[in-house]
Amino acid sequence: MWAELLPVGRDEATGGYHRFAWTPAELECRAWFLDEARRRDLDVEHDANGNMFAWWLPADGSRGDAVLTGSHLDSVPGGGAFDGPLGIVSAFAALDDLRGRGVTPRRPIGIGAFAEEEGARFGVACLGSRLLSGAIDPARARGLTDADGHTFAEVMHNAGFDPEAIGPDDGLLARISCYVELHVEQGRALDEPVGVASAIVPHGRWRFDFAGEGNHAGTTGLSDRRDPMLPFAHMVIAAREAAERNGTVATVGKIKVVPGGVNAIPSSVTAWLDARGPLDDAVRRTVKDVDEAARVAARPHRVSVDFAEESYTEIVDFNLALRDRITATLGGVPVLPTGAGHDAGVLSARLPAAMLFVRNPTGVSHAPAEFAEPADRLAGVEALTAVLDDLTRG
Ligand code: HGY
Ligand code: MN
Ligand code: MN
Ligand code: MN
């Protein structure tokens, strides 16, 4: 039972996965999760935000002081097989190993599946864990829309949830003593089977709206045009140059062109910027440079530029005591930062959190080439089993 055996939402032509929150593919994964939980007599719980939890309760049925592991089931468009599912598949395997050893939990051990971690449908990464931990205004979340204009509130309602009930669940958080997420490593930094995260670098998403004037591609002279595609094009180059200048990384991976006709000058272009880097102010400078460049480029084309921060996470230094305890349990494994955001990073604002990484020999992620060798996946399960066994001892 490995992540790639979760062939749900896989595009046979590209090998990429499309599992956006609350779409049939992700719902199928949710059903798989609940089935795996029930097959193990785990106590299943949904919070109001669509996050799922499967609890292995101690004999006395107590729910407090729990150790939580898990990850997410959703993907980016055309994502890899392991980003998210490896953490959940490994968690079920680790519980099986603990049971195989005859361990009976002194504290609840839970497996979490957090909703909309990639933000691929509604635009905000880690939406489920941000709602749970109070890191996003529920009213803002309700109004988030997907590519078809459906609001998050609508979609949650259709999924059987009360959109007015989304938001922080301090009672649930108070029951969790720590969260340890296993995840495929998403770079080339790990050259051993398993590593431990030290930090998540600052990262965020910004939306740029370029508004011009739609017109005919053949009958409109150059001097009559207000073409938003031109300042947009400048913005993409400016993002790369600003990243080089500031020692960060910047990406424009998603745009929306209206109306999108070959023979129509666009009326608007929306572009999303993803910027990250080891230092907070360098990321901020990168984004500021891009915004300035976009405005300068827009002026001669009489195009307006609107700019909004969609989400931003400052540096996450994982809980040192928990991290050191895990590293000790694993007998000294590499400790490394990551440029990828995770629910563990969001939850670390509210409770001790840590991450285990499993080596990815391709170093590629958010693409079909993402991979983890079977032996390394097994090493990840063994590491998670050892960590959970240690943490549930008190
Ligand atoms: O985008 C990220 O960093 C993560 O994979 N969600
Ligand atoms: Mn991801
Ligand atoms: Mn992930
Ligand atoms: Mn025509």
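First listed ligand is number 1; within each ligand, the first listed atom is number 1.
The cationic group of R377 lies under 6.0 Å from the six-membered ring centre of F371 and within 45° of the ring axis, placing it in a cation-pi geometry. Annotation: cation-pi pair R350/Y179 absent, no NZ/CZ under 6.0 Å from the ring centroid and within 45° of its normal.
In this structure, F53 has its ring center closer than 6.0 angstrom to the ring center of F114.
With 3.5 Å as the limit, one finds no donor-acceptor pair spanning the side chains of R10 and S75. In this structure, a donor-acceptor pair under 3.5 Å is present between the side chains of D83 and H183.
Every atom of ligand 1 is numbered from 1 in the order shown, and the set under 4.0 Å from a heavy atom of E117 is 4 (C), 6 (N). Annotation for ligand 1: atoms under 4.0 Å from non-hydrogen atoms of Q186 are 5 (O).
Here E116 does not pair with R130 in a salt bridge; the nearest charged N to carboxylate O distance is not below 4.0 Å.
Between R205 and ligand 1, no pair of N/O atoms sits closer than 3.5 Å. In terms of N/O distances under 3.5 Å, ligand 1 is not approached by A340.
Under the salt bridge (charged side-chain N to carboxylate O under 4.0 Å, His left out) criterion, R323 pairs with no residue at all, not counting sequence neighbours. Looking at residues two or more places apart in sequence or on another chain, you find a side-chain contact (heavy atoms from CB on, under 4.5 Å) between D146 and R121, F122, D148, H150.
For atom 5 (O) of ligand 1, the nearest protein heavy atom (residue, atom name, distance) is H366 NE2, 2.9 Å. Of the protein's non-hydrogen atoms, G341 O, 3.2 Å is the one closest to atom 4 (C) of ligand 1.
Closest to atom 3 (O) of ligand 1 by heavy atom, among H203, R276, H183, is R276.
As for H366, its N/O/S atom nearest the Mn ion (ligand 2) is the one called NE2.
Put simply, the side chain of V257 does not reach to within 4.5 Å of the side chain of F232, judged on heavy atoms.
The side-chain hydrogen bond (donor to acceptor under 3.5 Å, both in side chains) analysis of residues 187-197, with sequence neighbours excluded, yields no pairs.
The Mn ion (ligand 3) has H72 NE2, D83 OD1, H183 NE2 as protein N, O or S atoms under 2.8 Å away.
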